[in-house]
**Student:** 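Got a structure for you, questions after.
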Amino acid sequence: MIEILNAEILGFLSNLEDVDEEYLKIIDKKSTTSITDDLKNGHLTSNICMIVASQLKLNPKKLSSDLANKLDSLGIFKKVESAGPGFINVTLKREDFLSTLRIINQQKEKFGESILNSNQKVQIEFVSANPTGPLHVGHGRGAAYGDALARILSATGSNVEKEYYVNDAGRQIDILTASVIMKMHESDNSFFPQNAYKGKYIEDLGKKIEEKDNFNLIIDKSILDNLPKDPEKEIDEIISYLKNHYQANWKTVKDFSLKSIIKDIKNDLRNFNVEFNNWFYESSLGSLDDSKSEISVSINRLEENKQAYKKDGAIWLNTEDSGDDKHRVLVRDDGRATYFASDVAYHKNKIDRGFDEIINIWGADHHGYIKRIESSIEGLGSKKEKLIVKLVQFANLYKDGSKVKMSTRSGEFYSLNDLIEDIGSDAARFYYLSKQADQHLDFDIDLAKSDSKENIFYYIQYAHARIFSLEEKYKGLKSSKNIKKFNLSNIDYIKCDKLIHEISKYPGIVIKSALTYQPHLIIFYLRDLSQIFHSYYNDNHILSEEKDNQEFIINCMSSVRQIISNGLNLLGITPMQKM
RNA sequence: GCGCCUGUAGCUCAGCUGGAUAGAGCAACUGCCUUCUAAGCAGUGGGUCAGGAGUUCGAAUCUCUUCAGGCGCGCCA
């Protein structure tokens, strides 16, 4: 109906003096025709008269009243009024108002889907935690956000591919390998490097490897005694010693540890209801030694495009055009590529795969990194607009009233898996998504477990469960399985109107959530919908209503349940049938 | 110093492509379970939307500025 209304409004405006088509297009963009917040203002509302009036120096009140009269006379709507400073408020005919119920009944779990982004090929890369240990609660937020976003964009017609970038190359993997080896030998020489990873999983990895390959590796005492004091230099020295003296063992430990950790990460994500379509390995980008590798090709092209240059023995990327504050090193003076170089090659690879939109979900601490990646994309001759970086802020975890400390290096942290075991995947996802991703989140585990109204997760689930149970009871009562169609226009029962009005907003919420990349909008909508439902449910005893109304009411209730179910699905949460 | 984010009720937060009296929940107080799930509902009180200036018919929303907080500024990844 909004489209019809808009078309009529534009028709009216085009007949005004001083209005040309160009202008109408601008108006069309700036104005909003939407579902009203409150039923007292009718069903639909438009602010268009105020916008037109301000541009053309007309009286908004007069214009809106003219337009209202015109629209009213068409007979399409039940009532059209001019209100307030110049709003157009439209009351729909009963059957149009109720038509949403019929649509939900037809579309069921598809209700809310649209073709907003039809055929957009979108990639979302998220989590991408270094495979040096288990996922912690910080990663959980990125996982929940990325996955929900993927679901929402899919619902609006995009063809979405979810990808995890595995940093299986570089120094942190060396540190991991050295950590495992040194842990295995800690008891022999009572020494463990300051900067090595320390979690229990390191010990477990060592034990598994010892069970599998009974390898014997002796570390020279004199080496350990002469290590540098600086933690960074100390670990580097150990790495180079182990690599040089125990090449085969090094590879065994490295491969096993990586494989094992990645397997655990996949498993944790599966428990969190997140499945990736693609796992992209940094190592597949190749090395600089191979002139045909993706990483070499990228750097060569940047040089050809005069974006990269040699200076002080290193290769630099000019990133200043895109507003970065300094140039960035791609290849170090010792000939090794930087992490940034890999990332440039990775983004080149993404672009080559032909996505219309590439979404990166990064921790907020990486925000300074955006400009230089954009710059590299431009440098390679592509458009940086294809890249959309969404930042996810840290989540502070609170348990028993105090902050849970987290430190990856020390290995003492509350893992994502701990969280899932503690409160369940659904509640965890819900709370991760309950606030805008780019803002700090205080995650209160006690609240997530509490059974009060403050716990919105249960509040929404409770609405769903109540309706589910009601439907079961109703079916038993009628002993008829399907709710048959009826003539909506004859229903004069109005107590559900507030609910129906709220229901009709759902498709718009999904679209807005997709356009703004904000899953939390769905949560707040579901809470409002649940609130209206609970209120109605308390005031009315449905199963003792008159038969004529009962069927209609159950239909409304089913629609509410369907929407809660659909909405939770977009967040990757399973609705509860019983509580 | 530079960049990004934030500041709304005592607390936790919605609302931000400008629109109608600024909304929820918690906490405080008062009611509602012999009937479909009380993990619920109804009500009362609570606000200089951090401060200031600007843009305009209209600003929590946009611009500038001040203050306060968080994060980031490696030839680390």
**Student:** Check whether any side-chain N or O of A/Arg466 sits under 4.0 Å from OP1 or OP2 of B/A39, and answer yes or no.
**Tutor:**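 Result: no.
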**Student:** Tell me whether the OP1 or OP2 atom of B/A24 has a side-chain N or O from A/Tyr525 closer than 4.0 Å.
**Tutor:**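 Checking B/A24 against A/Tyr525, no side-chain N or O comes under 4.0 Å of OP1 or OP2.
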**Student:** Does A/Gln436 have a side-chain nitrogen or oxygen under 4.0 Å from the phosphate oxygens OP1 or OP2 of B/G15?
**Tutor:** yes
**Student:** Using Watson-Crick or G-U wobble geometry with both distances under 3.5 Å, which nucleotide pairs with B/G72?
**Tutor:** B/C2
**Student:** Does a side-chain heavy-atom distance below 4.5 Å link A/Phe430 with A/Ile456?
**Tutor:** yes
**Student:** What's the closest nucleotide to the side chain of A/Lys473 if the choices are B/A42, B/C36, B/C73?
**Tutor:** B/C36
**Student:** Taking only the side-chain heavy atoms of A/His367 (C-beta and beyond), determine which of B/C71, B/C75, B/U37 contains the nearest atom.
**Tutor:** B/C71
**Student:** Would you please confirm or rule out a distance under 4.0 Å between OP1 or OP2 of B/C76 and any side-chain N or O of A/Arg332?
**Tutor:** yes
**Student:** Determine which nucleotide pairs with B/C29, using a 3.5 Å limit on both distances of a Watson-Crick or G-U wobble pair.
**Tutor:** B/G43
**Student:** Is A/Lys371 paired with A/Glu374 through a side-chain N to carboxylate O contact shorter than 4.0 Å?
**Tutor:**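 Not counted as a salt bridge, because no side-chain N and carboxylate O are separated by less than 4.0 Å.
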**Student:** Using Watson-Crick or G-U wobble geometry with both distances below 3.5 Å, tell me the partner of B/A24, or none.
**Tutor:**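 Here B/A24 is engaged in a pair, and the nucleotide opposite it is B/U12.
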**Student:** Any side-chain N or O of A/Lys512 less than 4.0 Å from the OP1 or OP2 oxygen of B/C16?
**Tutor:** yes
**Student:** If you compare every side-chain N and O of A/Gln439 against the phosphate oxygens of B/A14 (OP1, OP2), does one of them come in below 4.0 Å?
**Tutor:**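 For A/Gln439, the contact criterion (side-chain N or O under 4.0 Å from OP1 or OP2 of B/A14) is met.
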**Student:** Between A/Ser535 and B/C41, is there a contact of a side-chain N or O with OP1 or OP2 at under 4.0 Å?
**Tutor:**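 No, outside the criterion.
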**Student:** Can a donor-acceptor pair be found between the side chains of A/Gln393 and A/Asp438 at a distance below 3.5 Å?
**Tutor:**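 There is no such pair between these side chains.
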**Student:** Side-chain N or O of A/Gln531 versus OP1/OP2 of B/A42: is the shortest distance under 4.0 Å?
**Tutor:**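 Checking A/Gln531 against B/A42: at least one side-chain N or O falls below 4.0 Å of OP1 or OP2.
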